[in-house]
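On a predicted model such as this, the values are computed, not experimentally measured, just so you know. Within every chain, numbering begins at 1; the chains are lettered A, B, ... in the order of the sequence lines, protein sequences first and strands thereafter.
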Amino acid sequence: MPITFKEVSYEYSANTPFAYLALDEINLKLADGKMTAIVGATGSGKSTLVQHLNALLIPTRGELEVADRKIVANQKNKGLKELRHQVGLVFQFPEYQLFEETIVKDVAFGPQNFGISENEATEIAKKAIRTVGLDDSYFEKSPLELSGGQKRRVAIAGILAMNPSVLVLDEPTAGLDPQGAKEMMALFRKLNTEDRKTVLIVTHDMEHVLNYCDDVVVVEKGHILMHVDKQTFFEDTSCLERAKINPPAVIRLRKLLQQQGFDIPNTILDLPTLAKLVRKEVAK
Amino acid sequence: MKNIALGRYIPLDSVIHKMDPRAKIISMLLLLVCIFIDTGFIGYAIVGAVIVLAVLLAKLKIDFIWRAMKPMLFMLVFLLVINILVIKTGYVMLTIGNFRIYSDAVVQTCYITIRLILMINITTLLTATTKPMDMTIAIEDLLTPFKSIGVPAHDIAMMISIALRFIPTLLEEADRIMKAQASRGVDLEEGSFKEKINAILSLIVPLFVSSFQKAEDLANAMEARGYNPGAKRVRYKQLKFAFRDYTLFVVSVGLLAGLIVLKVTVL
Ligand SMILES: Nc1ncnc2c1ncn2[C@@H]1O[C@H](COP(=O)(O)OP(=O)(O)OP(=O)(O)O)[C@@H](O)[C@H]1O
Ligand SMILES: [Mg+2]
């Protein structure tokens with residue numbers, strides 16, 4: 001089942017003097033099994049958009065379909081728990097949600113809420129903690145004693161432990177060191193390719209978009225500016241310009257080389273191929 | 001969470017909004033005193049009329065006032081039940097089986113209800129039309145005469161302003177934590193009693209942790225910028241009484257005096 005948004009609008013503090021229209025009649029269709037990046041300037045509505053996916057926010061107008069569930073504006077939407085099992089959402093600042101005495105217990109909290117026994121949940125939790133790159137010595141530590149980046153990993157583990165079929169991550173790598181960020185992105189990519197999970201990732205890092213994602217959705221001021229595949233997005237520099245996005249290093253290098261008269265097609269998106277082409281050109 | 005109306009500032013452009021916060025605070029106190037002068041329903045009708053007028057002048061919506069009062073409904077029902085059970089004077093109004101409801105119980109409840117509603121409206125009028133910062137400045141000014149007897153006016157004002165400043169932040173935080181836990185399957189509406197207790201814990205612990213963290217950060221930030229509560233300071237915003245503020249004084253003092261006269265002569 002693809003994820004579809006039909007004319008979805010969301011207004012914060014509706015019917016008050018503070019009303020703010022954060023999403024304005026959004027139409028969007030996200031195919032199964034893709035890893036999609038959601039990009040856009042600060043305050044453009046990315047977090048608002050992704051919070052609709054597990055019905056934390058209910059549209060004020062329009063409707064959407066996620067994981068065989070239909071969510072319609074102005075209706076009592078019951079039994080959202082099952083949807084939240086299917087769609088795992090990691091928040092933009094997830095470190096604030098930790099509360100148990102030990103990390104294992106905290107990660108096991110999600111699965112237990114969905115009816116998995118304590119023993120089994122503990123096993124799942126341990127596996128998830130290792131997956132996010134923390135070793136066994138962390139199991140019995142208090143989550144409150146961790147650094148910001150470690151807390152973030154624990155929070156991500158907490159969602160992975162629920163084994164959702166759709167994984168939504170709101171800036172999961174903000175505040176991680178570059179190496180750690182790469183590891184996390186590789187992990188999400190692996191979950192996408194090996195476990196066939198649909199992954200949606202909000203990010204400001206174009207390198208990550210280029211290296212790990214399939215599609216790109218650009219959000220601007222509550223509208224979807226474009227929804228294209230990665231190849232098109234980085235090939236056609238007008239896309240990047242329209243989205244006011246500073247391109248990743250490879251693309252900038254490609255452009256500089258083209259300006260210097262090198263004959264390099266726009267389809268080149270990776271460094272090794274670019275290097276080979278330059279070599280060929282120089283040899284000429 | 002975001003829709004809590006009680007104590008919220010509503011930015012509108014009205015006479016009441018423009019009034020001096022000191023004048024508003026003093027009038028609020030005077031009006032509160034008025035409520036406690038027992039002149040029966042006539043007195044309440046007069047005070048009520050003044051409040052309705054003020055609400056209209058402040059351009060506040062009925063819907064907002066209603067939402068500000070809503071949290072009190074539970075308490076009112078509670079009071080009604082207690083009164084009916086406890087008060088056994090006056091004549092019997094209603095007999096259900098061998099259980100009697102007395103007239104005084106109903107009258108008393110009406111009194112208390114009216115008083116509470118008036119009080120909430122008066123305070124809502126103040127908080128909805130006065131910026132929290134202006135309120136603190138006013139409180140500090142009004143407390144200044146008591147400095148000589150050891151009242152730390154500035155410290156109190158600073159504490160109040162920080163508390164007010166952080167109410168929305170805390171609500172936002174609670175909202176965010178609730179959403180994060182809901183994403184992990186916490187269900188505050190459905191679920192057994194034990195699950196609910198656990199759900200509440202999953203909310204309160206992170207909220208406390210982040211509040212303490214915020215308090216510490218704020219204290220450090222203030223100290224880093226050389227804040228010293230005892231230091232002499234000047235103020236950017238100067239308060240000044242205008243004609244409308246004197247009018248407000250006259251109205252509220254007049255109201256209080258009128259009610260006292262009513263109490264002494266008529267009743
Ligand atoms: N709880 C809220 N109440 C009112 N307005 C809000 C609320 N949350 C967000 N907004 C507003 O909605 C708009 C979109 O916010 P959102 O959090 O979705 O942005 P974002 O694209 O995720 O930005 P960022 O990259 O900074 O995370 C912003 O302009 C913001 O001011
Ligand atoms: Mg965001």
Main-chain N/O of A/Gln97 paired to B/Arg184 side chain as donor or acceptor, under 3.5 Å: yes
Counting only non-hydrogen atoms closer than 4.5 Å, does B/Val186 touch chain A with its backbone (N, CA, C, O), its side chain (CB onward), both, or neither? both
Applying a strict 4.5 Å limit to non-hydrogen atoms, the region of B/Gln213 in contact with chain A is neither
Step through the shown structure and confirm whether more than 12 heavy atoms of other residues, nucleotides or ligands are within 6.0 Å of [atom1] on [X].
X	atom1	answer
B/Arg235	CZ	yes
B/Phe208	CZ	no
B/Lys214	NZ	yes
B/Met222	CE	yes
B/Lys196	NZ	yes
A/Glu82	CD	yes
A/Asn15	CG	no

Looking only at heavy atoms and a cut-off of under 4.5 Å, which of B/Ser210, B/Ala199, B/Pro206, B/Pro11 has the most pairs with chain A? B/Pro206
Separation between [atom1] of [X] and [atom2] of [Y], rounded to the nearest 0.5 Å:
X	Y	atom1	atom2	value
A/Phe99	B/Ile204	CZ	CD1	11.5 Å
A/Leu80	B/Asp187	CG	CG	8.0 Å
B/Ile177	A/Phe93	CD1	CZ	13.5 Å
B/Ser202	A/Asp106	OG	CG	9.5 Å
B/Ser183	A/Leu56	OG	CG	4.0 Å

Under a 4.5 Å heavy-atom cut-off, does chain B meet the side chain of [X], its backbone, both or neither?
X	answer
A/Leu83	neither
A/Leu89	both
A/Gln51	side chain

Quick one: closest heavy-atom pair of A/Phe114 and B/Gly185, and the distance?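 So the two residues come closest at CZ-CA, 3.3 Å.
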What are the two closest non-hydrogen atoms of A/Leu57 and B/Lys179, and how far apart are they? CD2-NZ, 3.6 Å
